[in-house]
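Below is one structure, written out as structure tokens; the observations come after it.
The structure presented is a predicted model; accordingly, all values stated were derived computationally and were not measured.
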Amino acid sequence: MENPSPAAALGKALCALLLATLGAAGQPREGESVCSARAPAKYSVTFTGKWSQTAFPKQYPLFRPPAQWSSLLGAAHSSDYSMWRKNQYVSNGLRDFAERGEAWALMKEIEAAGEALQSVHAVFSAPAVPSGTGQTSAELEVQRRHSLVSFVVRIVPSPDWFVGVDSLDLCDGDRWREQAALDLYPYDAGTDSGFTFSSPNFATIPQDTVTEITSSSPSHPANSFYYPRLKALPPIARVTLVRLRQSPRAFVPPAPVLPSRDNEIVDSASVPETPLDCEVSLWSSWGLCGGPCGRLGTKSRTRYVRVQPANNGSPCPELEEEAECVPDNCV
């Protein structure tokens with residue numbers, strides 16, 4: 001028997017590698033659970049904004065633009081795909097979405113991931129929420145090779161902040177989970193260094209990874225989510241996924257929670273009140289010392305309120321202070 005030529009051997013090896021790669025597409029990685037559910041499953045996805053002035057009083061956006069949420073963009077996928085992940089760098093598409101709410105590049109990335117190794121089964125979206133405390137909903141389909149769900153929603157206004165879910169598995173062995181509910185907290189995409197909701201564009205160079213924004217991080221008083229008295233921020237949003245048993249046409253989404261006129265959740269009993277302490281400026285320089293000759297005079301200095309207290313936060317201290325002095329030019 002003749003030995004195969006080097007070219008034929010190389011072609012056979014490449015063919016075997018290609019088959020192995022295609023066979024692995026959409027399969028769980030080592031150490032991950034295997035979904036053996038037979039039929040696909042459909043879910044309703046309900047996103048509820050909890051971004052109220054009561055829960056987040058510091059620098060709460062009331063106009064130009066007021067607090068609101070972008071459209072929701074998500075995908076049902078396998079473990080081969082990642083839309084975003086904490087402590088990792090975001091893609092160019094997710095950067096555009098987190099900074100400006102532009103979804104085109106992110107959609108193209110999701111589409112490319114689906115075509116390359118069939119790692120994305122379906123894309124779903126939900127309309128934007130025009131206030132901080134409204135609701136929006138969508139439907140999605142998952143299957144055993146694509147049982148993971150990821151999505152993002154941009155915080156508006158913000159430099160590059162968002163909330164979302166990374167690779168939530170809706171499969172539990174050989175069955176689908178009936179429902180799942182998660183509290184959501186703000187994340188920084190690592191592409192803009194702004195500290196406040198209305199910060200001007202200030203690109204992060206070099207780009208940073210995705211980090212969770214907490215009550216103490218970034219540790220800077222100017223940060224819009226900086227609440228040093230809190231151990232943790234209250235959830236800024238919540239997502240609920242419920243498995244659908246009837247046809248999509250018969251599905252009636254939950255009634256939205258309508259915001260009140262001051263843009264706070266109607267059911268105020270369920271809204272945590274986040275205390276906001278008064279913040280004042282540094283003292284000004286001392287003024288001139290005035291008074292009659294041969295006697296002590298007085299001088300004064302002032303400071304002003306930078307942040308008014310709210311929700312039983314610490315009250316403001318005295319804004320003017322006087323001290324005795326020896327007059328320079330007595331009368």
Side-chain angles (χ1 to χ4, degrees), residues 21-29 32 35 37 40-47 69-129 136-156 158 160-171 176-177 180 182 184 186-192 207-212 237 239-241 243-244 248:
T21 302
L22 292 175
Q27 296 298 324
R29 297 173 181 173
E32 294 181 347
C35 179
K42 292 187 176 181
Y43 285 83
S44 67
V45 182
T46 302
F47 173 87
W69 301 95
S70 75
S71 57
L72 179 151
L73 182 60
H77 59 91
S78 68
S79 59
D80 299 313
Y81 173 74
S82 174
M83 179 177 287
W84 68 276
R85 188 149 295 166
K86 185 178 179 180
N87 298 326
Q88 292 189 9
Y89 297 102
V90 300
S91 65
N92 291 334
L94 190 50
R95 179 199 61 201
D96 292 348
F97 186 85
E99 290 186 3
R100 299 184 294 274
E102 298 175 0
W104 176 252
L106 181 57
M107 287 286 294
K108 296 297 290 183
E109 290 175 356
I110 297 174
E111 180 183 342
E115 293 178 350
L117 289 176
Q118 300 179 347
S119 56
V120 175
H121 170 63
V123 178
F124 61 95
S125 63
V129 181
T136 188
S137 59
E139 294 179 6
L140 67 94
E141 181 182 88
V142 289
Q143 56 181 222
R144 64 178 183 176
R145 292 178 60 187
H146 305 88
S147 62
L148 307 180
V149 172
S150 297
F151 71 81
V152 287
V153 183
R154 179 176 182 250
I155 298 174
V156 182
S158 74
D160 61 341
W161 303 341
F162 69 95
V163 298
V165 165
D166 169 33
S167 303
L168 172 65
D169 197 346
L170 294 177
C171 185
W176 295 106
R177 299 169 64 176
L182 296 172
L184 305 179
Y187 282 89
D188 188 321
T191 61
D192 192 296
Q207 179 177 332
D208 204 351
T209 57
V210 174
T211 55
E212 183 176 355
V239 63
T240 304
L241 297 95
R243 187 180 178 190
L244 299 178

Worksheet item: Does the side-chain contact (heavy atoms from CB on, under 4.5 Å) test come out yes or no for T211 and K86, once each step is laid out?
Response: CA-CA 6 Å; T211 55; K86 185 178 179 180; over 6 Å; no

Worksheet item: Which residues satisfy the side chain to side chain donor-acceptor pair (under 3.5 Å) test with S91, sequence neighbours excluded?
Response: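 By the side chain to side chain donor-acceptor pair (under 3.5 Å) rule, S91 matches E109.
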
Discussion item. For S147, give me all partners under side chain to side chain donor-acceptor pair (under 3.5 Å), at least two apart in sequence or on another chain.
Written reply: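 Scan of S147 (side chain to side chain donor-acceptor pair (under 3.5 Å), adjacent residues dropped) gives D169.
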
Rounded to the nearest 0.5 Å, what's the gap from [atom1] on [X] to [atom2] on [Y]? Could you check?
X: F162; Y: F151; atom1: CZ; atom2: CZ; result: 11.0 Å
X: L148; Y: Y81; atom1: CG; atom2: OH; result: 12.0 Å
X: L241; Y: L140; atom1: CG; atom2: CG; result: 6.5 Å
X: R100; Y: D192; atom1: CZ; atom2: CG; result: 10.0 Å
X: S70; Y: E102; atom1: OG; atom2: CD; result: 12.0 Å
X: R177; Y: L168; atom1: CZ; atom2: CG; result: 5.5 Å

Which heavy atom of [X] sits nearest a heavy atom of [Y], and at what distance?
X: F124; Y: E139; result: CB-O, 3.6 Å
X: W69; Y: V156; result: C-CG2, 4.5 Å
X: S125; Y: L73; result: CB-CD1, 4.4 Å
X: D96; Y: A105; result: OD2-CB, 3.9 Å
X: F97; Y: V152; result: CE2-CG2, 3.6 Å
X: Y89; Y: Q207; result: CE2-O, 3.2 Å

Sidechain-backbone polar pair: [X] side chain, [Y] backbone, donor-acceptor under 3.5 Å:
X: T136; Y: P127; result: yes
X: D160; Y: T191; result: yes
X: H146; Y: Q118; result: yes
X: R145; Y: S78; result: no

Item to complete: With sequence neighbours excluded, tell me which residues meet salt bridge (charged side-chain N to carboxylate O under 4.0 Å, His left out) with D166.
Response: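 Counting only residues at least two positions away or on another chain, D166 forms a salt bridge (charged side-chain N to carboxylate O under 4.0 Å, His left out) with R85.
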
Fill in: salt bridge (charged side-chain N to carboxylate O under 4.0 Å, His left out) partners for E111, two or more places apart
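Counting only residues at least two positions away or on another chain, E111 forms a salt bridge (charged side-chain N to carboxylate O under 4.0 Å, His left out) with K108.
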
Item to complete: Could you give me the CA-CA distance, side-chain angles and deciding distance for V45 and V239, then say whether side-chain contact (heavy atoms from CB on, under 4.5 Å) is met?
Response: CA-CA 7 Å; V45 182; V239 63; 3.8 Å; yes

Item to complete: Please list all pairs passing the salt bridge (charged side-chain N to carboxylate O under 4.0 Å, His left out) test where one or both residues lie in residues 113-128, with sequence neighbours left out.
Response: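 Qualifying pairs: none.
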
Discussion item. Is the shortest side-chain heavy-atom distance between Y43 and L170 below 4.5 Å?
Written reply: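 Answer yes - side chains close enough.
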
Fill in: With sequence neighbours excluded, residues passing ring pair (Phe, Tyr, Trp, His ring centres under 6.0 Å) with W176
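Per chain and number, W176 pairs via ring pair (Phe, Tyr, Trp, His ring centres under 6.0 Å) with no residue.
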
Fill in: side-chain contact (heavy atoms from CB on, under 4.5 Å) assessment of S150 paired with H77
CA-CA 8 Å; S150 297; H77 59 91; 2.8 Å; yes

Practice prompt. Determine, stepwise, if the pair V165 / V149 fulfils side-chain contact (heavy atoms from CB on, under 4.5 Å).
Written response: CA-CA 7 Å; V165 165; V149 172; 5.5 Å; no

